[in-house]
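Chain A is the first sequence line, chain B the second, and so forth, proteins listed ahead of strands; every chain is numbered from 1. Any value given below was found using the heavy atoms of this structure, including those in side chains, with hydrogens, waters and symmetry copies removed.
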Protein chains: 2
Amino acid sequence: MDTRQGRDAVVEFRPDCPLCGSSPCVFHCRDECTEARTLRRIVEVGRPMVRGQYLYHAGSPFAALYTVRAGTVKTCAVTEDGEERVIGFSFPGDIVGLDAIGGSTYLTDACVLETASVGVIPFARLQPLLSEVPALQHRLLQAMSRQIAAEHEMRLALLKRTAEERFAVGLVSLSERFAGRGLSPTALRLAMSQAELGSYLGLAPETVSRLFRRFREQGWLDGTGRECELLDIGAIRAVARRQRRVPSGSSGDEALRAVGAGRSGGGS
Amino acid sequence: MDTRQGRDAVVEFRPDCPLCGSSPCVFHCRDECTEARTLRRIVEVGRPMVRGQYLYHAGSPFAALYTVRAGTVKTCAVTEDGEERVIGFSFPGDIVGLDAIGGSTYLTDACVLETASVGVIPFARLQPLLSEVPALQHRLLQAMSRQIAAEHEMRLALLKRTAEERFAVGLVSLSERFAGRGLSPTALRLAMSQAELGSYLGLAPETVSRLFRRFREQGWLDGTGRECELLDIGAIRAVARRQRRVPSGSSGDEALRAVGAGRSGGGS
DNA sequence: CGATATTTTGAGATGAGTCAATAGCTGTGG
DNA sequence: CCACAGCTATTGACTCATCTCAAAATATCG
């Protein structure tokens, strides 16, 4: 359904944010706040994009930011040797393209993973509004800052950790992002393949598969990727935090070693 | 030297940017542009800070951004198990604390590695100026965007690569950052220990030491950390890009093995 | 000139990548 | 409705790069 009604009208009035289609968007506000009203003047929402379509490609001139209103988008880069590396996943409420503001071109590809509704924010039009509407400026700054912080956290989590820990970090991260959007933090519907998740986490696809199995055997989750239910998120979180202190007692126990922790209850 | 002259005056007029003490600062401009003049009203430069002093700690309330005018600052976090993980290094011209804007507290520690001159930008005072002076706002957005981009690039570089590649990436990155500040891209004076560099790159200190030796044996660099001269930055860059060029000539099994798989020992 | 921190070097264990082959899905078209 | 193709996931075997532990050597600092 094409929602366009004119040059910029674009969006119907709905209780949820017309800019992002969901609640936790940077630009969201429950009421008709100034920044949303302002922004709505320039955001354009096109028809849904389907899996495999690109919002933009690396190298193409930077023109707009994008809000994900529905669906899933991945950003990725292709290395010299032709491998694709996933840089991040974007869910409803996320802004895509923030890393391009500082330059003249996009630095990554942005590719739809799961049928997505996307809002286009022409940056040239956004910029003057930022000065006029301080609240809008503040929102953008916050969004960017938070992305930097998230980036730091992710790097910390991924660097120098075991595959198991990275995987746990990935699951927890996804769970929390879903939760922040009002979705279930335990019943994950993942739009990405195991290979893509692995690429994001720096793991070989085979390793991801093995980890799914291991975690399943531990009773920590059920399903296998696509549909994934986190049964003991406390345990997973504990692994992610590397809090696997071996319960004192007979150390060297085979079973404990297999578990890698011997955790069971929710984490502290 | 205390450069304070009053509540906010703070800085002498010098050809180089009084805000950052060097050229490539986001807020720098060669002439007396509006944004610098504006910013100068609120930036406070204190006396130099020495190694080990902290600009801020993780958890303390966010109040200001910092510009590094001289010296080196590292940002780091301490994991639950007490290990310190280096998140980044900041050199003259860099802004520190951008990841805290989105929250109410700092998320990392910021610690002086090498006697540093630091400018304090109270965020509450900066914010209104951003709307008044669009150019200033633009600079800040660019700085943040670039940081996100750099973060992405670093993650790409570090994730799923060999220790050798990570190390090379680290060296190249440092070299380029120095070069961007008008310093020699080959004669590196590193303020961080091998352990810190390793922490940043996700490598064990021992591994860093071994890599220094390996690279030295290759004739790619000289020195050992602290003072480090890059002799063949092309080769290092090639390793960083995973493009290790085959030494033309004997394309025998040795060479191929070295190219395709791990290192052997000898080389060009 | 001691005391502490950093760096070097060695030896050994192992986690995770790679290769390879199988099994399971998903969508398409006959 | 079934067969097929292509993709995704699973599983096993093997290898090796890197971590860990341990100890010596060197540098740095007061």
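Note that the two end axes of the helix from C/dC1-D/dG30 to C/dG30-D/dC1 enclose an angle of 50°, each drawn from 5 base pairs, rounded to 10 degrees.
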### Task
Classify every nucleotide of nucleotides 5-11 of chain C by which part a protein heavy atom approaches to under 4.0 Å, writing B for the base, S for the sugar-phosphate alone and - for neither, in 5'-to-3' order.
--SBBBB

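If you measure from atom CZ of A/Arg214 to atom C1' of C/dA16, you get 9 Å, rounded to the nearest angstrom. Going from atom CD of A/Glu84 over to atom P of D/dT8 covers 11 Å, rounded to whole Å. Taking atom CD of residue B/Glu165 and atom P of nucleotide D/dT18, one finds them 9 Å apart after rounding to whole Å. Rounded to whole Å, the distance from CD on A/Glu164 to C1' on C/dA16 is 12 Å. Between the CG atom of B/Leu203 and the C1' atom of D/dC19 there is a distance of 11 Å, given to the nearest Å. For the pair A/Leu211 CG and D/dA9 C1', the computed distance is 14 Å after rounding to whole Å. When the P atom of D/dT18 is taken as reference, atom CZ of B/Phe167 falls 13 Å away, rounded to whole Å. Atom-to-atom, CD of B/Glu227 to P of D/dA27 comes out at 14 Å; the value is rounded to the nearest Å.
Under the 3.5 Å distance criterion, the side-chain polar atoms of A/Arg181 are matched with a main-chain donor or acceptor of A/Arg177.
Shown here for B/Pro92 and B/Ala70, the closest heavy-atom pair between the two residues is CG-CA, 3.7 Å.
Ionic pairing of B/Glu176 and B/Arg237 is present here: one or more N-O contacts between side-chain nitrogen and carboxylate oxygen are shorter than 4.0 angstrom. Between A/Arg155 and A/Glu151 there is no salt bridge, since none of the side-chain N atoms of the basic residue sits less than 4.0 Å from a carboxylate O of the acidic one. A salt bridge between B/Arg241 and B/Glu165 is absent, with no side-chain N of the basic residue lying under 4.0 Å from a carboxylate O of the acidic one. Between B/Glu84 and B/Lys74, at least one side-chain N (NZ, or NE/NH1/NH2) sits under 4.0 Å from a carboxylate O, which counts as a salt bridge.
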Nucleotide N/O of nucleotides 23-25 of chain C paired with protein N/O under 3.5 Å:
none

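In this structure, OG in B/Ser199 is found 11.5 Å from CE in B/Met192, a value given to the nearest 0.5 Å. Annotation: the span from B/Thr115 atom OG1 to B/Arg51 atom CZ amounts to 9.5 Å, rounded to 0.5 Å.
Among the atoms of the strands shown, none is found under 4.0 Å from any heavy atom of A/Gly198.
Counting only residues at least two apart or on different chains, the ring pair (Phe, Tyr, Trp, His ring centres under 6.0 Å) pairs with a member in residues 156-198 of chain B are B/Phe91-B/Phe178, B/Phe167-B/Phe212, B/Phe167-B/Phe215.
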Hey, can you pull the donor-acceptor pairs under 3.5 Å for the side chains in residues 200-207 of chain A, sequence neighbours left out?
none

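For A/Ala150, there are no side chain to side chain contact (heavy atoms under 4.5 Å, CB included) partners two or more places apart in sequence or in a different chain.
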